[in-house]
Asks: 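Questions regarding the structure given below will be posed in turn.
Ligands are counted one by one from 1 in listed order, and the atoms in each one are counted from 1 as well. These numbers come from a predicted model, not from an experiment.
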Amino acid sequence: MMKIIKIPSVGYESNCWLLLEEESGCFSIIDPSSSIEQILQSIRQRNLDEKNLQYILLTHGHFDHILSVDALKKATGAPVLIHEGDESFLTNAEHNAYKHLFRRDLTMQPADRLLQDGDSLPLGSSTIRVMSTPGHTQGSVCYIIENIMLTGDTLFDQDIGRTDLYGGNMEQLQKSLQMIAAIQENYTIYPGHGSVTTLQKQRAYNPYLKTL
Ligand SMILES: [Zn+2]
Ligand SMILES: [Zn+2]
């Protein structure tokens with residue numbers, strides 16, 4: 001069984017998630033936007049072994065989702081994975097929007113592995129599936145495992161991500177949302193910002209999914 005825990009985040013109000021496969025104790029951190037202290041505290045509070053951190057997963061490369069990537073990798077040795085479309089965001093502050101907003105640099109080490117649509121990532125006895133959903137950025141993805149769907153900044157509760165930053169494309173985002181809306185299952189959605197919702201609710205109430 002998968003369990004998902006929100007790690008409190010200070011500053012930019014991005015959601016950082018701890019995804020745990022309970023039987024094996026294997027886990028993954030998605031979008032390490034919280035401080036490294038908060039992330040390590042959440043891991044230790046649950047008596048998890050840091051060596052069981054399988055992947056540091058990024059839904060996309062914007063600065064508010066990657067803040068503690070290097071620190072978490074250094075503390076645990078876990079590999080960093082991002083879709084190939086956002087590869088440059090880790091090392092380029094123009095691309096990850098930090099420079100655009102704060103006129104300063106914020107960069108990380110290059111990723112350890114680049115993801116593509118349809119990739120499978122084993123987590124204990126379960127598997128995370130990578131679904132490419134470009135539009136917010138070229139390398140935006142959703143991660144799907146069991147009844148859980150992590151949507152990053154592609155889909156929020158009753159809203160969607162902006163497309164005016166580097167690599168954004170509204171037409172593409174609408175196509176990606178169409179693809180998500182067509183999924184039969186009713187996944188619980190854990191977005192990059194805001195509250196947890198379900199795919200069924202978003203099909204009914206999200207104006208961007210309704211009009212498609
Ligand atoms: Zn973003
Ligand atoms: Zn964001």
Side-chain angles (χ1 to χ4, degrees), residues 4-19 28-36 38-39 55-72 80-108 110-111 114-115 117 130-144 148-177 179-180 188-197 202 206 208-209:
I4 185 158
I5 299 131
K6 184 172 158 173
I7 302 179
S9 206
V10 282
Y12 304 108
E13 295 180 354
S14 320
N15 292 330
C16 173
W17 305 103
L18 191 162
L19 185 65
S28 173
I29 298 282
I30 293 99
D31 289 352
S33 54
S34 316
S35 72
I36 186 63
Q38 286 172 308
I39 297 172
Y55 316 104
I56 300 168
L57 292 179
L58 304 173
T59 59
H60 65 296
H62 279 148
F63 72 90
D64 55 326
H65 298 256
I66 66 171
L67 291 167
S68 295
V69 161
D70 279 5
L72 184 58
V80 176
L81 287 72
I82 191 168
H83 185 276
E84 59 185 8
D86 278 8
E87 178 183 11
S88 64
F89 284 48
L90 288 169
T91 53
N92 185 328
E94 300 276 2
H95 292 183
N96 68 38
Y98 197 78
K99 202 155 201 171
H100 174 75
L101 295 174
F102 303 106
R103 318 231 162 275
R104 281 187 289 135
D105 265 335
L106 180 117
T107 57
M108 299 287 147
L114 298 177
L115 297 170
D117 183 48
V130 179
M131 179 181 177
S132 173
T133 52
H136 175 63
T137 63
Q138 289 305 297
S140 284
V141 299
C142 294
Y143 293 111
I144 299 173
I148 292 167
M149 185 171 187
L150 295 131
T151 55
D153 287 4
T154 297
L155 177 63
F156 306 127
D157 182 17
Q158 299 183 60
D159 204 356
I160 57 173
R162 59 197 282 186
T163 54
D164 60 327
L165 295 172
Y166 173 82
N169 182 317
M170 190 56 179
E171 219 170 285
Q172 261 185 331
L173 180 56
Q174 280 173 334
K175 269 191 197 152
S176 294
L177 292 166
M179 201 165 60
I180 292 171
T188 304
I189 290 176
Y190 297 84
H193 299 268
S195 45
V196 174
T197 181
Q202 293 316 300
N206 190 314
Y208 299 93
L209 291 199

Asks: Among the N, O or S atoms of Asp64, which one sits nearest to the Zn ion (ligand 2)?
Replies: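 Nearest N/O/S atom of Asp64: OD2.
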Asks: Restricting to N/O/S, name the atom of Asp153 that gets closest to the Zn ion (ligand 2).
Replies: OD2
Asks: For the OG1 atom of Thr188 and the CG atom of Leu150, what is their distance to the nearest 0.5 Å?
Replies: 10.5 Å
Asks: Mind telling me whether Phe89 and His62 have parallel, tilted or perpendicular rings, with 30° and 60° as the class edges?
Replies: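 The arrangement is tilted - the two ring planes meet at 30° to 60°.
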Asks: Taking the N/O/S atoms of His65 one by one, which is nearest to the Zn ion (ligand 2)?
Replies: NE2
Asks: Take the angle between the ring planes of His95 and Tyr166 and call it parallel below 30°, perpendicular above 60°, tilted in between.
Replies: parallel
Asks: Please check: side-chain N/O of Asn96 versus main-chain N/O of Leu106, any donor-acceptor pairing under 3.5 Å?
Replies: yes
Asks: The Zn ion (ligand 2) and His193: any N/O/S contact shorter than 2.8 Å?
Replies: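 Given the 2.8 Å cut-off, His193 counts as a ligand of the Zn ion (ligand 2).
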Asks: For His65 and His60, take the angle between the two ring planes, folded into 0 to 90°, and tell me which bin it lands in: parallel under 30, tilted 30 to 60, perpendicular over 60.
Replies: tilted
Asks: Among the N, O or S atoms that His62 has, which is closest to the Zn ion (ligand 1)?
Replies: ND1
